[in-house]
Amino acid sequence: MSQAPATSLQDIVSHAKEYGFVFPSSEIYDGLQAVYDYGQNGVELKNNLKNMWWKAMTQLNDNIVGIDAAIFMHPLTWKASGHVDGFNDPMIDNKDSKKRYRADQLLEGKAEQYAAEGQAEKAQELLNEMGRLLGDNNLEAVRELIIAEGIKCPISGTSNWTEVRQFNLMFSTQVGSVAEDSNLIYLRPETAQGIFVNFLNVQKSGRMKIPFGIAQIGKAFRNEIVARQFTFRMREFEQMEMQFFVRPGTEMAWYEQWRDTRLKFHQAVGLPTEKLKFHIHEKLAHYANAAVDIEYQFPFGFREIEGIHSRTDFDLKNHQELSKKKQQYFDNDLDENGKPFGNYIPYVVETSVGADRLFLAVFCNAFTKEMVGEGENQKERTVLKLHPALAPFKAAIFPLVKKDGLPEKAREIEKALKTEFRVFYEERDAIGKRYTRQDLIGTPFCIAVDYQTLEDNTVTIRHRDSMEQERVHISELKAKIGYAVSEQRILEAI
RNA sequence: GCGAAAGUAGCUCAGCUGGUAGAGCGCGACCUUGCCAAGGUCGAGGUCGCGGGUUCGAACCCCGUCUUUCGCUCCA
């Protein structure tokens with residue numbers, strides 16, 4: 001038995017394109033970097049994943065409801081979230097080493113050096129000056145300050161710096177049909193804020209009691225410095241986020257619970273335990289007091305597919321401040337002294353999955369090259385071993401040959417099944433070729449209609465992963481396929 | 001943004017020291033065919049990423065440009 005051939009990301013990218021899962025955006029115009037389109041099979045798989053997530057959140061938890069907020073939001077939203085101030089990093093390159101640094105980090109490093117040398121005052125002065133210049137957006141002065149401080153590139157040892165440039169995380173656009181009157185607004189860089197600004201709307205209209213959650217699936221947009229690794233980093237991507245509102249002080253318990261629940265979800269959709277791990281953030285973002293990523297082992301290494309963050313009351317507190325609208329909740333539950341917990345701004349535990357990353361993880365995991373057959377008949381087979389509930393097509397129906405009434409019989413079966421499952425009918429080419437085509441797109445079952453079918457109404461079901469066949473009566477098909485492809489199997493495993 | 005490599009049929013790729021483009025698979029039609037990419041016959045499909053230059057002549061040499069991949073920088 002020879003070894004199964006190694007698979008690379010390149011194989012997966014090619015397969016995704018060849019079989020209608022993912023196409024490069026605007027390919028006829030040479031493409032658009034870091035943007036991809038989902039094809040006829042990709043959209044099915046992605047929709048199935050999104051649907052599983054939606055049900056895992058809203059159907060399995062009676063205290064979680066969903067919303068669908070707009071992509072456009074009031075500009076102050078991004079002031080409150082910290083995206084305007086927090087993610088505009090000034091960048092500078094060293095011309096000799098070609099290394100890029102964050103200008104503020106270079107200056108902070110220098111300040112630390114002063115502090116270590118006992119010149120605390122000088123260190124503070126430098127930081128103040130830097131803060132002032134960055135506040136004024138005076139990038140040229142920041143560069144001059146770096147040069148004046150004699151900061152050198154650790155690699156090249158020179159001060160041959162380029163100008164300082166701003167890295168813009170958010171995409172902006174104009175709202176208002178007349179150019180002069182229009183306002184600059186941003187395409188949302190995360191869906192979370194659509195949930196936060198609707199926190200009270202949902203809480204009041206749904207009579208929600210803490211703890212409760214709001215789930216949302218939607219597009220978000222970010223400028224990436226580099227876009228690599230296929231759909232792992234895209235400028236336009238889709239998030240599946242759930243913000244869970246809790247009483248302050250209870251957030252760590254909920255954080256741990258959601259961390260474990262979310263891991264189970266990824267296992268339930270078919271990602272193997274040994275390819276998943278937690279990665280705990282040591283350095284926390286400006287809004288979090290605890291953060292962990294669920295990482296999947298892609299062909300290019302372990303990478304984040306989901307983040308679970310304890311966001312404290314950072315977002316709601318800032319929205320309250322900027323909007324001047326109270327974001328408080330009155331908690332009627334009684335504390336240990338028998339008094340209501342009363343008014344507070346809830347703490348938030350966030351679970352945030354990249355739909356595209358989950359898709360890529362599931363696709364990479366399903367993509368299998370294996371050797372089948374014995375001796376001289378041994379050959380390579382490529383098969384997408386998707387969880388049956390996620391597969392674009394649930395079953396394919398083939399008449400063994402295109403004559404003698406077999407196609408008519410097969411069409412009858414197709415008609416009976418198509419209202420329940422997405423099925424594929426094909427009568428051309430040799431049946432082996434048809435089986436192979438279905439393997440390539442991950443169809444779990446192939447139903448073959450042969451001469452025996454005409455006599456006793458039985459067909460063969462060929463199983464994708466084992467390639468084994470079993471003969472069943474036509475009347476059993478719905479139950480047999482239905483169980484295998486049911487979402488219930490996934491939801492029960494969470 | 002820097003460095004390196006690549007761009008030829010739907011896909012994977014070949015194409016020598018410059019001489020008007022090829023294979024395999026796939027695709028379409030027909031014939032054959034009783035279960036794992038089956039055989040046969042015929043057929044469609046390419047201004048060789050784009051623009052310029054050198055040359056009698058460029059897929060090939062030179063310059064520019066775009067796109068992709070890998071590495072570095074960044075990563076909420």
Side-chain angles (χ1 to χ4, degrees), chain A residues 8-11 13-15 17-20 23-34 78 81-83 85-103 105 153 155-156 162-163 165 167 169-170 189-190 192-193 220 222-230 232-233 239 281 283-288 291 293 300 303-304 307 309 311 314 350 352 354 372-373 377 379-383 398-404 406 428-440 446-453 459-464 466-469 471:
Chain A
S8 67
L9 182 63
Q10 195 51 53
D11 294 333
V13 173
S14 300
H15 192 89
K17 186 183 162 201
E18 181 75 357
Y19 297 100
F23 305 127
S25 164
S26 321
E27 200 187 7
I28 62 168
Y29 293 108
D30 282 333
L32 185 63
Q33 200 177 31
W78 308 113
S81 71
H83 283 86
D85 302 320
F87 299 115
N88 280 326
D89 298 331
M91 316 291 259
I92 191 165
D93 295 347
N94 183 275
K95 289 180 187 167
D96 298 314
S97 65
K98 312 291 186 196
K99 294 288 171 190
R100 174 172 293 173
Y101 300 92
R102 274 177 49 183
Q105 287 178 348
C153 167
I155 309 291
S156 67
T162 63
E163 61 194 274
R165 282 166 299 190
F167 165 61
L169 170 91
M170 291 191 287
E190 62 175 17
Q193 299 306 326
R222 295 180 191 176
N223 258 316
E224 300 281 357
I225 296 174
V226 283
R228 291 286 157 83
Q229 280 136 2
F230 196 36
F232 187 80
R233 278 160 201 270
Q239 291 185 310
H281 285 217
K283 203 179 119 194
L284 294 168
H286 60 264
Y287 53 71
D293 292 340
F300 42 87
R303 294 293 144 82
E304 175 189 359
H309 295 148
R311 290 182 82 129
F314 176 88
E350 166 188 275
S352 175
V372 294
N377 293 326
K379 51 184 110 174
E380 190 181 310
R381 174 173 94 119
T382 301
V383 51
F398 307 144
L400 183 58
V401 292
K402 203 167 93 180
K403 60 180 183 187
D404 302 333
L406 297 186
R428 50 179 308 132
D429 293 320
I431 196 158
K433 195 176 279 191
R434 285 178 266 164
Y435 285 146
T436 301
R437 285 196 194 113
Q438 296 306 314
D439 287 344
L440 291 167
C446 292
I447 297 162
V449 172
D450 56 20
Y451 290 99
Q452 193 182 330
T453 310
V459 292
T460 60
I461 294 185
R462 181 260 195 189
H463 295 259
R464 178 193 67 200
S466 65
M467 297 169 66
E468 277 166 14
Q469 288 177 302
R471 185 162 280 276

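Keep in mind that what you see is a predicted model, and the values were worked out from it rather than measured. A, B, ... follow the sequence lines: proteins, then strands. Residue 1 opens every chain. All values below come from the heavy atoms of this structure, side chains included, with hydrogens, waters and symmetry mates left out.
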Between [N] and [M], how many Å separate the two [atom1] atoms, rounded to a whole number?
N      : M      : atom1 : answer
B:rG19 : B:rG15 : C1'   : 14 Å
B:rA59 : B:rG22 : C1'   : 12 Å
B:rG3  : B:rU8  : C1'   : 26 Å
B:rU20 : B:rA38 : P     : 36 Å
B:rC62 : B:rU55 : C1'   : 12 Å
B:rA44 : B:rA29 : P     : 15 Å
B:rC50 : B:rA6  : C1'   : 16 Å
B:rC72 : B:rA9  : P     : 31 Å

Starting at [atom1] of [X] and ending at [atom2] of [N], how long is that distance when rounded to a whole Å?
X      : N      : atom1 : atom2 : answer
A:K433 : B:rC36 : NZ    : P     : 14 Å
A:R303 : B:rC75 : CZ    : C1'   : 11 Å
A:I431 : B:rG39 : CD1   : P     : 17 Å

Shortest non-hydrogen contact between A:R437 and A:R428, atoms and distance: NH1-O, 4.5 Å
B:rU33 phosphate, OP1 or OP2, under 4.0 Å from A:K402 side-chain N/O: no
Distance-only polar pair, side chains of A:T453 and A:D450, donor-acceptor under 3.5 Å: yes
Nearest-nucleotide pick for [X], side chain only, options being [options]:
X      : options                : answer
A:R437 : B:rC35, B:rC27, B:rC70 : B:rC27
A:K403 : B:rC36, B:rC27, B:rG34 : B:rG34
A:R428 : B:rC27, B:rG34, B:rG28 : B:rG28

Applying a 4.0 Å non-hydrogen cut-off, can you work out what [X] is touching in the nucleic acid: base, sugar-phosphate, or nothing?
X      : result
A:Q469 : base
A:R464 : nothing
A:S14  : sugar-phosphate

Please name the nucleotide paired to [N] by Watson-Crick or G-U wobble geometry with both distances under 3.5 Å, or report none.
N      : value
B:rG45 : none
B:rG24 : B:rC11
B:rU33 : none
B:rU67 : B:rA6
B:rA59 : none

Note, A:R464 side chain near A:Q438 side chain (heavy atom, < 4.5 Å): no
Check: A:R462 and A:F398 side chains under 4.5 Å, non-hydrogen atoms: no
Is any side-chain N or O of [X] under 3.5 Å from a base N or O of [N], one able to act as donor and the other as acceptor?
X      : N      : result
A:R222 : B:rC75 : no
A:D450 : B:rC35 : yes
A:R434 : B:rC36 : no

Test item: A:R434 side-chain N/O and A:D429 main-chain N/O as donor-acceptor pair under 3.5 Å: yes
A:F300 ring center within less than 6.0 Å of A:F230 ring center: no
Most 5' of A:H463 and A:P189 on RNA chain B, judged by nearest nucleotide: A:H463
